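This report refers to the structure that appears directly beneath it.
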Amino acid sequence: MAPTPKRRIKNPKHSSPSPSSLSLSSIQPPLTLLPSKTDFFKLLAVVSVAVSVAIGCNYVVTVFNRQPKPFCDSHTEFDYYLSDNCDPCPSHGICSQGKLECMSGYRRYGRSCLEDGYINEMAKNLANMVESRACESYSNYLCKGAGKVWVQGDELWNHMEKDNATYLYAKQKAMEIVGNLLEIRHTGTGIKELKCPDLLVEHYKPLSCSIRLWLLEHALFLASCCFLLMGFGLMLQRVRRRHYLSVRAEELYEQVCDILEETALTSRSVNGEGEPWIVASWLRDHILTPRERRDPLLWKKVEDLVQEDSRLDRYPKMLKGEPKVVWEWQVEGSSLQSSGKKKKVNINERKLSEGSNLGSNQDLKGLKPGEQLRC
């Protein structure tokens, strides 16, 4: 077979451009003509800021140059709340021909009328002055009887009369405040009178006057309480005195018995040379204190106890030409008394001995082994 002829490859570098390629290359713009992505975002931010500034300036200019709506007339019956051409007249304001004027006692703040603080303060001061004058007059009437209960309103307001419009409006408001605080009545001639209430006048009374009036008002109750306390005190004192007399009389009676018994035993032990009796008045002066001698009822109770005792004998006796009453202990009853005393003494001695033995046993129990008893 004959070999196939090889095609000759042409070098593209040495090939000549075609007319179509020359026309396309001349129409396309260069690559440096369009901005990059970074430059595009910067341009967008600058444009946004410029637009925002323009819109803000336009809004400010519009707001400042805009004329406020006029106020609707307050004397017309037109429902201006549904109107877009005017604003409703604010409260406490008078609107006429689109303009606003505030009533007396109110000041204009923007497009509204607010209450004037100075006038309010003046009205409160006027009301306090009227209240103090009316209450002081009523207080003087209650304490000294020199004042008035009902005071004419003209007398109170004439002392503070002025002509300016501010004062007149403050006086009008003060009269409203006073009408709520004080009691008001109209006389037959149409004069208005004011009276301070009873609860309010208490704050205007002096302390001494308040105490005196309270005592007078509750005099009956206080008198009954004093009588009850006095009666209770007297009854308690009487009960205490009875108890004291009974207890003290028994103590004195026991002393009398002891003295008479000892006297009787002594007279028998000295071969009958002593006297077994004692004069009652001497015995009384011996055992009673000087203060107790002034109370005859105390010794009378002792005499009653002695008289009821069968172991004691009472009989009159002439001593130095004077009649005396003597008391004598019956010898037959002395053994019983002495035996009772001996029993008491034996019991006391037994208790003392038991107590000493118990104490010694406790001391011995508290000793440790090896320790000696110290005296």
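It should be emphasised that the depicted structure is a prediction, and the values quoted were computed from it without experimental measurement.
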Are Lys148 and Tyr138 side-chain neighbours, meaning at least one heavy-atom pair lies under 4.5 Å? no
Between Ser139 (side chain only) and Val201 (backbone N and O only), is there a donor and an acceptor less than 3.5 Å apart? no
Could you report the tightest heavy-atom contact between Leu312 and Tyr253, atom names first, then the distance? CD1-CE1, 4.4 Å
Between Ser224 (side chain only) and Phe221 (backbone N and O only), is there a donor and an acceptor less than 3.5 Å apart? yes
Test side-chain contact (heavy atoms from CB on, under 4.5 Å) on Ile259 and Ile287; report intermediate values, then the result. CA-CA 10 Å; Ile259 293 173; Ile287 63 176; 3.7 Å; yes
Value rounded to 0.5 Å, distance of CG in Leu283 from CG in Leu260: 6.0 Å
Does this structure show an ion pair linking Lys301 with Asp295, if we count only N-O contacts that are shorter than 4.0 Å? no
Taking all non-hydrogen atoms of both residues into account, name the closest pair between Cys257 and Asp309 and its distance. SG-OD2, 4.0 Å
Using atom types as modelled and distance alone, determine if a side-chain donor or acceptor of Asn125 lies under 3.5 Å from a backbone N or O of Glu121. yes
What closest approach, in Å, do Ala174 and Ala127 show between heavy atoms, and which atom pair accounts for it? CB-N, 3.9 Å
Side-chain donor or acceptor of Arg284 paired with backbone N/O of Trp299 under 3.5 Å: no
Regarding Lys173 and Glu176, does a basic nitrogen lie under 4.0 Å from an acidic carboxylate oxygen? no
Decide if atom CG of Leu220 counts as having more than 12 heavy atoms of other residues, nucleotides or ligands within a radius under 6.0 Å. no
Over all heavy atoms of both residues, which pair between Leu181 and Pro197 is shortest? Give the atoms and the distance, please. O-CG, 3.3 Å
More than 12 heavy atoms from other groups under 6.0 Å of CE on Met230: no
Tell me, please, which residues at least two apart from Cys209 pass side-chain contact (heavy atoms from CB on, under 4.5 Å). Cys143, Pro206, Arg212, Leu213
Would you confirm whether Ser48, through its side chain, and Leu44, through its main-chain N or O, come within 3.5 Å as a donor-acceptor pair? yes
Determine, step by step, whether Trp327 and Val306 satisfy the side-chain contact (heavy atoms from CB on, under 4.5 Å) criterion, reporting the C-alpha distance in whole Å, the side-chain angles of both residues, the deciding distance to 0.1 Å, and the verdict. CA-CA 9 Å; Trp327 292 352; Val306 171; 3.8 Å; yes
On a heavy-atom basis, which atom in Cys113 and which in Gly93 lie closest, and how many Å separate them? SG-CA, 4.0 Å
For Trp150 and Ile184 the tightest heavy-atom approach is CZ3-C, 4.2 Å
Would you mind reporting whether Ile278 and Val326 have side-chain heavy atoms less than 4.5 Å apart? no
Could Glu292 and Arg248 be called an ion pair, given the rule that one side-chain N must be under 4.0 Å from one carboxylate O? yes
Sequence neighbours excluded, the answer for salt bridge (charged side-chain N to carboxylate O under 4.0 Å, His left out) partners of Glu193 is Arg185
Could you check whether Glu131 and Tyr204, counting side-chain N and O atoms only, form a donor-acceptor pair closer than 3.5 Å? yes
Taking the six-membered ring for Trp, are the ring centroids of Trp282 and His286 within less than 6.0 Å of each other? no
Given Trp329 and Thr263, is the side-chain contact (heavy atoms from CB on, under 4.5 Å) satisfied, shown in steps? CA-CA 8 Å; Trp329 181 266; Thr263 302; over 6 Å; no
